[in-house]
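Remarks on the structure that follows.
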There are 2 protein chains.
Amino acid sequence: MKAFSAETVYALRALLYLAGRRDGESYLSIRKISEELEISFHFLTKILQMLTQKGILTSSRGPAGGVRFFRAPDKVSVIEVIHVFEGNDYFTTCMMGLPGCSDKAPCPVHDLWKEVRTAMKSRLEDVTLAEMGTRTMLERLRLSP
Amino acid sequence: MKAFSAETVYALRALLYLAGRRDGESYLSIRKISEELEISFHFLTKILQMLTQKGILTSSRGPAGGVRFFRAPDKVSVIEVIHVFEGNDYFTTCMMGLPGCSDKAPCPVHDLWKEVRTAMKSRLEDVTLAEMGTRTMLERLRLSP
DNA sequence: TTTATTTGAGATAAATTACTCCGAAATAGT
DNA sequence: ACTATTTCGGAGTAATTTATCTCAAATAAA
């Protein structure tokens, strides 16, 4: 079950890593994050650039530069990150890809699929990066292979 | 939310179309199915060949040939079709793609994700192609754009 | 002011997925 | 036997996703 693209997954891993740090004020270099999480530096750079453009991170160039949260991580839900890379209609699309599939003109799995994605969305939309980040740190949950 | 590959989706649509027919005994040509569902003929051919190899369909060449169910459609669950094209570990893989992610060495979304995919699996494993096919026919649910 | 370091941005390449094409093999009907 | 039709099987192409490379722009520190 590959529900998310590599971009989304790498973004979440990087953000949870950032959110789990003690010092949230200072910039952390993308190089460092990429090494820590074993993600391609250049690819991760593109992804974090996107998060900067979307107002989730802010960045600084030059020595001692890097990225940090723009908004506090307790103001960013996991859902928001998903929407950045998967699009805003992620939790409303038809499983069969039929255009115009809706309650009025449903496909055979419409109701079932609606339940599944609604449950998933409601589970993801209240949990913030801060909550998940601190839990990740405290329980030493895995972020890399 | 693109949970399944094009192959899986096309397979399901074709199977539900077959399962919704009155006459389940006769062969139906792939050409006919592809036109009815507006799916590429050659691509659908490959997909239905796979279902034939996996013992879900059986086929006949030549004039009046085509495909039909090998096992009765009330003996085939939707889950089985998904496993053919997505692999058998579809409902057990880590959302973050971390190798070895498990209850013992969990990633940050392990528990949440486990719930989601387990709920999804249990919803899909009892529903058969027959049930869904007849419902599709009776309620005139959509199978094509 | 120079240098080393770091993100920004866009081109390019590799890998995967989606789709197409072609000829061979089978088979029903004439 | 011949012909038209249909699946089979494999190779080839296109599109998308994932990853890499290069250089410019910014900036902190010497």
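Quick note on labels: first sequence line is chain A, next is B, and so on, each numbered from 1. Just so we're clear, the structure is a prediction, and the values are computed from it rather than from any experiment.
- When rounded to the nearest whole Å, the span between CZ of B:Phe4 and P of C:dA18 equals 13 Å.
- Ranked by how close their nearest DNA chain D nucleotide is to the 5' end, B:Gln53 and A:Lys46 are led by B:Gln53.
- For the residue pair B:Ser5 and B:Glu86, a side-chain donor N or O sits within less than 3.5 Å of a side-chain acceptor on the partner.
- Side-chain rings of A:Phe85 and A:Tyr90 stay apart, their centers remaining 6.0 Å or farther from each other.
- Note: CZ (B:Phe41) to P (D:dT6) measures 9 Å, nearest angstrom.
- Set against D:dA19, C:dG8, D:dT7, the side chain of A:Phe43 has D:dA19 as its closest nucleotide.
- Whole-Å rounding puts the A:His42 NE2 to C:dA14 C1' distance at 16 Å.
- By the 30° and 60° cut-offs, the orientation of the rings of B:Trp113 relative to A:Phe4 is tilted.
- For A:Pro63, whose side chain is taken as the heavy atoms from C-beta onward, the closest listed nucleotide among D:dT7, C:dA18, C:dA4 is C:dA4.
- Look at A:Tyr10 and you'll find a side-chain N or O under 4.0 angstrom from OP1 or OP2 of D:dA19.
- The residue among B:Leu44 and A:Leu28 whose nearest nucleotide of DNA chain C lies closer to the 5′ end is A:Leu28.
- Between B:Ser59 and D:dT7, a side-chain N or O to OP1/OP2 separation shorter than 4.0 Å is absent.
- Nucleotide C:dA18 holds its C1' atom 14 Å from the CZ atom of B:Arg13, rounded to whole Å.
- Atom NZ of A:Lys2 and atom C1' of C:dA15 are 13 Å apart (whole Å).
- When all heavy atoms are compared, the tightest approach of B:Thr52 to B:Thr58 is CG2-CA, 4.2 Å.
- When each of A:Gly62 and B:Thr45 is assigned the nucleotide of DNA chain D with its nearest heavy atom, B:Thr45 is the one assigned upstream, toward the 5' end.
- For A:Ser5 and D:dT17, the shortest distance from a side-chain N or O to OP1 or OP2 is not below 4.0 Å.
- For the pair B:Met50 CE and D:dG9 P, the interatomic distance rounds to 11 Å; values are reported in whole Å.
- In this structure a side-chain-to-backbone donor-acceptor pair under 3.5 Å is missing from A:Arg13 to A:Thr8.
- Here the nucleotide nearest the side chain of B:Arg61, chosen from C:dA28, D:dC8, C:dA18, is D:dC8.
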